[in-house]
Amino acid sequence: MTRHLVTSALPYANGPIHLGHVAGAYLPADLYVRGLRQMGEEVLFVCGADEHGVAITIGAEKAKQGYDEYVEHWRGDIKKTFDSLGIAFDTWSGTSVCPDHEETTQEFFRLLDDQGYLIRREIEQLYCTKDEMYLADRYVEGTCYNCGAENARGDECPDCGTWIETLRLKEPRCKLCGGPPERRTTSHWFLDLPALRDKKIAKWIEDHDWKSNVSAFIKGLLKDAPERAITRDMKWGVPVPEDRAEGISGKVLYVWFDAPIGYISFTKEWARKQGRPDDWKLWWQNDETHLTHFIGKDNIPFHCLVFPSMLWGTGQNYILPHAVPANEFYSMAGGKFSTSEGRTFDLEEYLKEIDPEVVRCYLTATLPETADAEFKKEDLVTFNNSSLASNLGNLGSRVLKFIAKNFDSQIPELAPEHEADLDKLLFECSASCEDPGKDLLAFRFRRSLEDVLALATAANVFMQRCEPWKTNKTDPVLAGSQLNTLCEWIALLARWLAPFAPGKAQELWQQLGAEGEVSQGGWPKVPSAENPQWRSGLGGRALGELGTLFPRIDAPE
RNA sequence: AGCGGGGUAGCUCAGUUGGUUAGAGCACAGGAUUCAUAACCCUGAGGUCACGGGUUCAAAUCCCGUCCCCGCUACCA
């Protein structure tokens with residue numbers, strides 16, 4: 001049986017997570033995982049913090065904290081937000097604390113070296129003697145050699161738009177201390193991407209079925225895939241293994257080399273904690289496993305080209321990604337989520353104000369699946385009131401309250417003579433409805449939630465046509481059959497809703513008087529003339545405590 | 001600058017390999033109803049599918065050009 005290994009991009013432990021991240025890589029993964037599980041599939045959902053790299057060392061120094069203390073803080077902060085949103089990984093770790101990470105990463109280095117895919121080469125770089133570090137492009141400023149602007153960055157001149165070669169910049173200065181850096185020659189190891197591409201990866205990419213927005217992107221990447229430096233001169237990170245360092249010290253592996261390996265080391269850590277340390281191989285080196293990487297589009301090169309190259313290049317039989325459903329960008333009204341530009345907001349505070357499950361649903365309804373999308377607080381309120389409260393919430397409310405009042409809080413029985421007619425009418429009302437599960441598995445999460453809401457609308461239409469408030473006065477048995485049918489349908493809705501709003505679904509499940517976890521209830525097919533055996537025999541069951549599933553939100557101001 | 005994505009109803013977006021009067025939800029208007037969270041149901045209005053050319057019996061869909069928005073461009077993550 002197919003196993004599903006699902007990963008979400010490792011969040012960088014350098015600041016809080018924002019809704020752009022959530023919508024890009026985490027919520028879709030969580031929906032997919034919950035859906036698969038409910039369908040009875042075996043799933044492992046892996047994530048953790050990405051904790052190395054220059055940006056973190058600088059952030060920590062600014063915060064006057066130790067590197068490990070700094071990343072621990074953000075690792076915890078980010079996890080807390082995931083918890084609030086109900087994004088539930090099977091394992092959560094961090095690249096600087098996972099006990100398997102250093103060893104696994106160094107093993108990759110050795111294996112790639114053994115296979116001849118690493119190249120050592122000397123390059124010139126700018127070095128700041130005061131900060132004692134080599135400066136990446138973004139940490140250098142200077143005078144543009146093209147237009148003379150004094151505020152050119154190491155990568156681009158904001159005045160003339162020229163693409164800057166850092167070493168040619170006039171009067172370069174360190175962006176951190178303002179001092180002049182000097183040129184130094186340093187050795188680095190490069191990953192031989194061209195060779196990996198030619199031997200395997202280009203063909204693999206060609207043959208693979210990618211999401212359309214990913215496909216166009218990686219074709220361009222393939223054309224020129226340069227050798228890529230995978231080491232850095234700094235202390236914070238996974239050291240180059242001593243036995244391969246050729247006497248050169250002070251090198252760590254580039255954060256982008258070690259981060260994706262985190263998926264594997266976190267799996268090893270998880271497996272050991274399960275008491276079956278070798279199980280990680282089932283997930284990473286077994287052809288029956290489907291590996292799915294959920295990422296934002298900025299991560300496409302790494303997950304579709306670089307990491308697969310690394311996996312294959314080790315010569316071990318690592319599986320390559322089965323799907324990379326990369327999302328486009330999610331932004332706030334008017335621009336991207338950006339802490340520095342003040343266009344974000346305190347997500348933790350917001351989640352205290354707005355039910356996180358409503359936020360999940362709204363995010364799902366607006367996910368940037370095919371194009372960039374926008375988050376608007378006002379739209380969330382409208383969405384909650386019209387789609388969740390009035391449609392789905394109100395459906396449960398009108399049916400269950402009616403039963404509470406008129407049938408003593410007990411789901412009425414279905415009279416056998418009514419079944420055929422009621423089914424016929426119901427299937428008519430739901431004729432255009434699609435199976436939310438089908439869209440979910442195809443990574444069409446927006447549509448999947450739309451399917452669920454359409455299925456709720458179908459029930460509202462059905463009730464409108466049945467008019468049990470009228471039939472109850474003339475033919476209480478018929479009214480009972482009608483309400484029974486509605487309860488059966490709501491029991492399906494609770495299960496379809498479960499991936500999107502697990503808590504709400506559970507609440508609805510309990511209102512129907514059901515026992516146990518709604519997510520254990522399986523994934524029901526959409527009832528139709530072809531699938532007429534859809535009822536589970538709820539007649540006679542006592543309702544649970546009723547409450548308002550999705551309260552309306554008063555518009556702010 | 002190069003590469004990629006986008007520009008479709010007031011808003012958020014669907015539109016599969018080109019094929020009848022371009023769709024959905026929300027918002028809006030009218031009607032019906034009263035079980036329900038002023039909810040539900042029915043009906044309606046609405047768009048020269050960014051702009052200009054071209055290919056075709058037929059183009060939102062393919063080709064060329066122009067204009068806007070966004071992302072990436074890899075030793076930032």
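In this text, all values refer to a predicted model and were calculated from it rather than measured experimentally. Naming convention: chains lettered A, B, ... in sequence-line order (proteins, then strands); numbering from 1 in each chain.
Remark: the separation of the C1' atoms in B:rA9 and B:rA50 is 15 Å, to the nearest Å. Look at the P atom in both B:rU8 and B:rA45: the space between them is 22 Å, to the nearest Å. On the C1' atoms, B:rG10 is 31 Å away from B:rG4, given to the nearest whole Å.
When every heavy atom of A:Asn484 is checked against every heavy atom of A:Pro412, the shortest pair comes out as ND2-O, 2.8 Å.
When each of B:rC75, B:rA77, B:rC11 is scored by its nearest atom to the side-chain atoms of A:Phe190, the top-ranked nucleotide is B:rC75. In the set B:rC75, B:rC41, B:rA77, the nucleotide with an atom closest to the side chain of A:Thr457 is B:rC41. Nearest nucleotide to the A:Asp50 side chain, out of B:rC75, B:rU12, B:rA77: B:rA77. Comparing B:rC75, B:rG25, B:rC42 by their closest approach to the side chain of A:Ser387 singles out B:rG25.
Residues meeting the side chain to side chain contact (heavy atoms under 4.5 Å, CB included) test with A:Lys401, sequence neighbours left out: A:Ser397, A:Leu546.
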Please tabulate, one pair per line, each protein N/O and nucleotide N/O from nucleotides 27-38 of chain B that are separated by under 3.5 Å, including the distance.
residue: B:rC35; atom: O2'; partner: A:Arg398; partner atom: O; Å: 3.4
residue: B:rC35; atom: O2; partner: A:Arg398; partner atom: NE; Å: 3.1
residue: B:rC35; atom: N3; partner: A:Arg398; partner atom: NE; Å: 3.4
residue: B:rC35; atom: N3; partner: A:Arg398; partner atom: NH2; Å: 2.7
residue: B:rC35; atom: N4; partner: A:Arg398; partner atom: NH2; Å: 3.2
residue: B:rA36; atom: OP1; partner: A:Lys405; partner atom: NZ; Å: 2.5
residue: B:rA36; atom: O2'; partner: A:Asn394; partner atom: OD1; Å: 2.5
residue: B:rA36; atom: O2'; partner: A:Ser397; partner atom: OG; Å: 3.2
residue: B:rA36; atom: N3; partner: A:Asn394; partner atom: ND2; Å: 3.2
residue: B:rA36; atom: N3; partner: A:Arg398; partner atom: NE; Å: 3.3
residue: B:rU37; atom: OP1; partner: A:Lys401; partner atom: NZ; Å: 2.3
residue: B:rU37; atom: O2; partner: A:Phe550; partner atom: O; Å: 3.4
residue: B:rU37; atom: N3; partner: A:Phe550; partner atom: O; Å: 2.8
residue: B:rU37; atom: O4; partner: A:Gly393; partner atom: O; Å: 3.2
residue: B:rU37; atom: O4; partner: A:Phe550; partner atom: N; Å: 3.3

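Nucleotide B:rC26 holds its P atom 11 Å from the CD atom of A:Glu450, rounded to whole Å. Rounded to whole angstrom, the span from the CD atom of A:Glu378 across to the P atom of B:rG25 amounts to 22 Å.
Stem regions annotated for RNA chain B: B:1-7 with B:67-73, B:10-13 with B:23-26, B:28-31 with B:41-44, B:50-54 with B:62-66, counting only runs of 3 or more consecutive pairs of Watson-Crick or G-U type with both contacts under 3.5 Å.
The residue among A:Ile123 and A:Asn391 whose nearest nucleotide of RNA chain B lies closer to the 5′ end is A:Asn391.
For the residue pair A:His293 / A:Thr7, a side-chain donor-acceptor distance below 3.5 Å is found, with atom types taken as modelled. The closest side-chain donor-acceptor pair between A:Tyr127 and A:Asp233, if any, does not fall under 3.5 angstrom. In this model, no donor atom of one side chain and acceptor atom of the other lie less than 3.5 Å apart for A:His21 and A:Tyr12.
The pair A:Arg184-A:Glu182 meets the salt-bridge criterion, with a side-chain N (NZ, NE, NH1 or NH2) lying under 4.0 Å from an Asp/Glu carboxylate O.
A close approach under 4.0 Å does not occur between any side-chain nitrogen or oxygen of A:Tyr254 and OP1 or OP2 of B:rA74.
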Worked check of side-chain hydrogen bond (donor to acceptor under 3.5 Å, both in side chains) between A:Thr186 and A:Lys251: CA-CA 10 Å; A:Thr186 179; A:Lys251 306 280 180 190; 2.7 Å; yes

